[in-house]
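Step one of this worksheet: look at the structure below.
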Amino acid sequence: MNLSSKIIQRIKELWEHKIFRYALILHSFYFILSIILFFAYYQEKNDFIIFYKVGNIFINDIENLYNQPYYLWDFRYLPLSALFFIPFSILNFQVAFVIFNFCNLILNFLICIILFKIIMLIRNENHEKDDKRIILYISIYLMGLPHVLNYIYGQINLYITFFILLSLYIFLKYDEFKWQLIGSIFLGISIIIKPTAFFLIPFLIILNFDLERKKLSFNFFKSAIRIIGVIIPVLLNFIVFLLYPTIWEGFLDTNFTGSNPIALNFSFSITKLITNFCYFYNIPFNQIFVLLGVIGILGGLGFIIFIIKRFEKDSIIYGYAFGIIIMLLVYFDSWDHHLLNLTPILILIIFNLPRESKVTGSIKLSLFFFNFFDLAFVGIWYLIYPLFPYNFTPTFFLILTFYGISKYCLFKQHNRKMEA
C-alpha cells in the first residue's frame, strides 16, 4: 500500500469516530468564519497587518523595524522573525491573509499528527492500548476556542506550536547527539518567530539532584548540544542588532522599557495583574523590576523543582510545560490564543501520567478551561475593567497547572501511582 492509500485509509478510520467528525466540522467552521469576518470586518483590525508590513519594512527600511507608528499595534518580536513574513508581504494583502490562514489550517493537522506520534511514545503503561482516547483528546484540541481568535487575528501561534512539538518529538525519539542538535535548532527557530519558548531553554539541561542520596547527575555533553542548538538561531539576531543599533533600542523599548508594557489590558500574566493594579491605583512602579521579580520567583521555583524531580523518563515533557507556563505567567502580554502553545503539552502530560493519578484531574480541569471557557473572561474583562481591570481566572488555572506538575515531579517513585 503506497503512502496516499495509507493516508486515505487512515482518514476513513478516523471519520468513523463521531467526536472526530464533529471536531473536523467545527474546526473547518472556525477557519471559514475567520475568512468571512476578515473580509466583512477585520481587514484593518487584525494582527496579520503587522506581520504583513514587517516583511516589507525589513527589506526596504530596516532601521524603522520597531518604529511603532508604522503599525496598528506594536511589533515586538526578534528582527529575524521578519524574514518569515517576506513571502506574504510581496502578495496582495487579502490574498496573503487567506494563504497565511490556510497554512495555519495545514499546520493544525500536522500538529495533530505529531501529537499522536508523541503520545504513542510516552503513553503510560496503564492507559488503554487502543487509540480511541487519543483521538478524543486530539479532537478536543481541534475544537478549542482559542483557534477562533488565532484564525481571525491571523496570528502565528500554530507555527510556534508546530516547532515546539517537532523538537519535543525529536528529543524523545532519538538519543543521538546530531538529533539532539537538530531538535534544539527547531526550538530556536520557534523562538525567532515568537519567543514563547524562551523560558524553556533552562529546562533543556539534563540535570538532576537526588535528595535522598544527595547525588547530583549532569549530562554535560547532551545539555551543551541542546543549549548550543537553541541559542544559535537566537544569537543570529544580534548580528542585526550590531549592524543597526537603533533596532536594539527599539526592541528594548517595545518589549520592556517603553509605555506599551504598562498599558492597561486583559493579559492574564501575574506581571500584568501587578502592573494593572499599580496603574489603576496610581501607585509608582518600575515594570522591569516587576518583571524580574516574577521571573525570579516563578522561574527559580520551577527550575529547582525540575532539578529535584523524582523521575527521569520522559521528564522533558514537564520541562516544556514549566517553560511555557512560566512565560505565560511572567511576560507582560499573555493572550488567549497563546494557550494554543500550552494545551497540546497538557494533553501529553495527561497521557504520560498514571491513569489513576490525582494530578490528572487538575490538568484536565485546566485543559478544558483554556480550551472552552477562557475566551468568555475576555468579554467579562471588557465589561468590568473600568471598575476591576484584572483578568485573573486564567492566571488561577495556570498556577493550578504549575502546582499539579510540581506535585507530580516531587513525589517518590514508589508512591507515584497512589499519590500522584
Side-chain angles (χ1 to χ4, degrees), residues 118 121-122 160-161 163-175 177 179-192 194-211 216-234 269-270 294-331 334 338-339 341-349 352-353 359 363 366 398-399 401-411:
I118 296 176
L121 286 176
I122 57 88
I160 312 308
T161 301
F163 282 113
I164 286 175
L165 290 180
L166 182 60
S167 68
L168 180 58
Y169 176 73
I170 291 172
F171 286 144
L172 291 166
K173 179 74 173 179
Y174 306 104
D175 198 51
F177 285 166
W179 285 107
Q180 297 293 306
L181 179 65
I182 292 170
S184 58
I185 289 174
F186 281 132
L187 191 60
I189 292 172
S190 84
I191 294 173
I192 285 181
K194 190 174 186 177
T196 306
F198 182 78
F199 287 114
L200 202 155
I201 294 175
F203 296 94
L204 298 178
I205 299 173
I206 306 172
L207 178 67
N208 184 252
F209 182 73
D210 190 320
L211 287 172
L216 183 70
S217 61
F218 178 38
N219 190 326
F220 174 79
F221 290 106
K222 187 180 286 188
S223 299
I225 287 172
R226 287 179 174 181
I227 298 299
I228 290 170
V230 75
I231 289 295
I232 287 175
V234 177
S269 72
I270 292 176
V294 179
I295 289 174
I297 294 171
L298 277 177
L301 182 62
F303 190 61
I304 289 171
I305 291 171
F306 189 69
I307 289 174
I308 62 176
K309 61 187 177 300
R310 303 285 187 153
F311 62 99
E312 285 299 317
K313 182 176 172 56
D314 302 328
S315 62
I316 193 170
I317 301 169
Y318 300 87
Y320 270 54
F322 273 127
I324 296 173
I325 291 170
I326 289 169
M327 174 59 85
L328 292 174
L329 285 173
V330 306
Y331 188 58
S334 295
H338 295 160
L339 294 169
N341 303 140
L342 177 62
T343 51
I345 303 298
L346 298 185
I347 291 172
L348 293 178
I349 290 174
N352 188 251
L353 289 169
V359 172
I363 304 298
S366 297
L398 284 172
I399 294 173
T401 307
F402 186 94
Y403 170 76
I405 295 170
S406 300
K407 183 179 178 182
Y408 182 70
C409 287
L410 295 176
F411 278 129

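Note: hydrogens, waters and symmetry copies are ignored here, and every other heavy atom, side chains too, is used. Numbers here are sequence positions counted from 1.
The salt bridge (Lys or Arg N to Asp or Glu O under 4.0 Å) test applied to K222 returns D175, not counting sequence neighbours. Listed by chain and residue number, F203 satisfy the ring-ring contact (aromatic ring centres under 6.0 Å, His included) test with F306 (two or more places apart in sequence, or in another chain). Under the side-chain hydrogen bond (donor to acceptor under 3.5 Å, both in side chains) criterion, T401 pairs with S366, not counting sequence neighbours. Residues meeting the side chain to side chain contact (heavy atoms under 4.5 Å, CB included) test with I297, sequence neighbours left out: none. For I201, the side chain to side chain contact (heavy atoms under 4.5 Å, CB included) partners are I191, F198, I227, V230, I231, not counting sequence neighbours.
With rounding to the nearest 0.5 Å, the separation of CG in L298 from CE in M327 is 12.5 Å. Taking CG of L329 as the start and CD1 of I270 as the end, the distance is 4.5 Å to the nearest 0.5 Å. With values rounded to the nearest 0.5 angstrom, I189 atom CD1 is found 12.5 Å from I164 atom CD1. I185 contributes atom CD1, which lies 12.5 Å from atom OG of S190 (distance to the nearest 0.5 angstrom). Considering CD1 of I118 and CG of L168, their distance stands at 4.5 Å, rounded to 0.5 Å. Rounded to the nearest 0.5 angstrom, I307 CD1 and L207 CG are separated by 4.5 Å.
In this structure, P195 and Y331 have side chains that are not in contact, with every pair of non-hydrogen atoms separated by 4.5 Å or more. Looking at I399 and I325, their side chains never come closer than 4.5 Å, going by heavy atoms from C-beta outward. Side chains of I182 and Y174 form no contact here, defined as non-hydrogen atoms less than 4.5 Å apart.
Applying the side chain to side chain donor-acceptor pair (under 3.5 Å) rule to pairs touching residues 196-208 yields N208-E312, sequence neighbours excluded.
Looking at every heavy atom in both residues, V359 comes nearest to K407 through CG2-CD, 4.3 Å. The nearest pair of heavy atoms linking G188 to V234 is O-CG2, 4.3 Å. Scanning all heavy atoms of the two residues, the minimum distance from T161 to P344 falls at CG2-CG, 3.8 Å. Annotation for L346 and I363: closest pair O-CG2, 3.8 Å, computed over non-hydrogen atoms. Closest non-hydrogen pair, L200 versus G319, comes out as CG-O, 4.3 Å. Scanning both residues, F171 and S184, for their nearest heavy atoms gives CZ-N, 3.5 Å.
Open room surrounds OH on Y403; 12 or fewer heavy atoms of other groups in view lie less than 6.0 Å from it.
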Stepwise side chain to side chain contact (heavy atoms under 4.5 Å, CB included) test for L348 and Y320: CA-CA 11 Å; L348 293 178; Y320 270 54; over 6 Å; no
Test log, rule side chain to side chain contact (heavy atoms under 4.5 Å, CB included), inputs I206 and I316: CA-CA 9 Å; I206 306 172; I316 193 170; over 6 Å; no
Chi angles and distances behind the side chain to side chain contact (heavy atoms under 4.5 Å, CB included) call for Y318, N352: CA-CA 10 Å; Y318 300 87; N352 188 251; 2.7 Å; yes
Side chain to side chain contact (heavy atoms under 4.5 Å, CB included) evaluation trace for H338 with I324: CA-CA 10 Å; H338 295 160; I324 296 173; over 6 Å; no
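Close placement of the Y408 and F311 rings is indicated, their centers lying within 6.0 Å of each other.
Of the possible polar contacts, none joining the Q180 side chain to the S223 backbone as a donor-acceptor pair under 3.5 Å is found.
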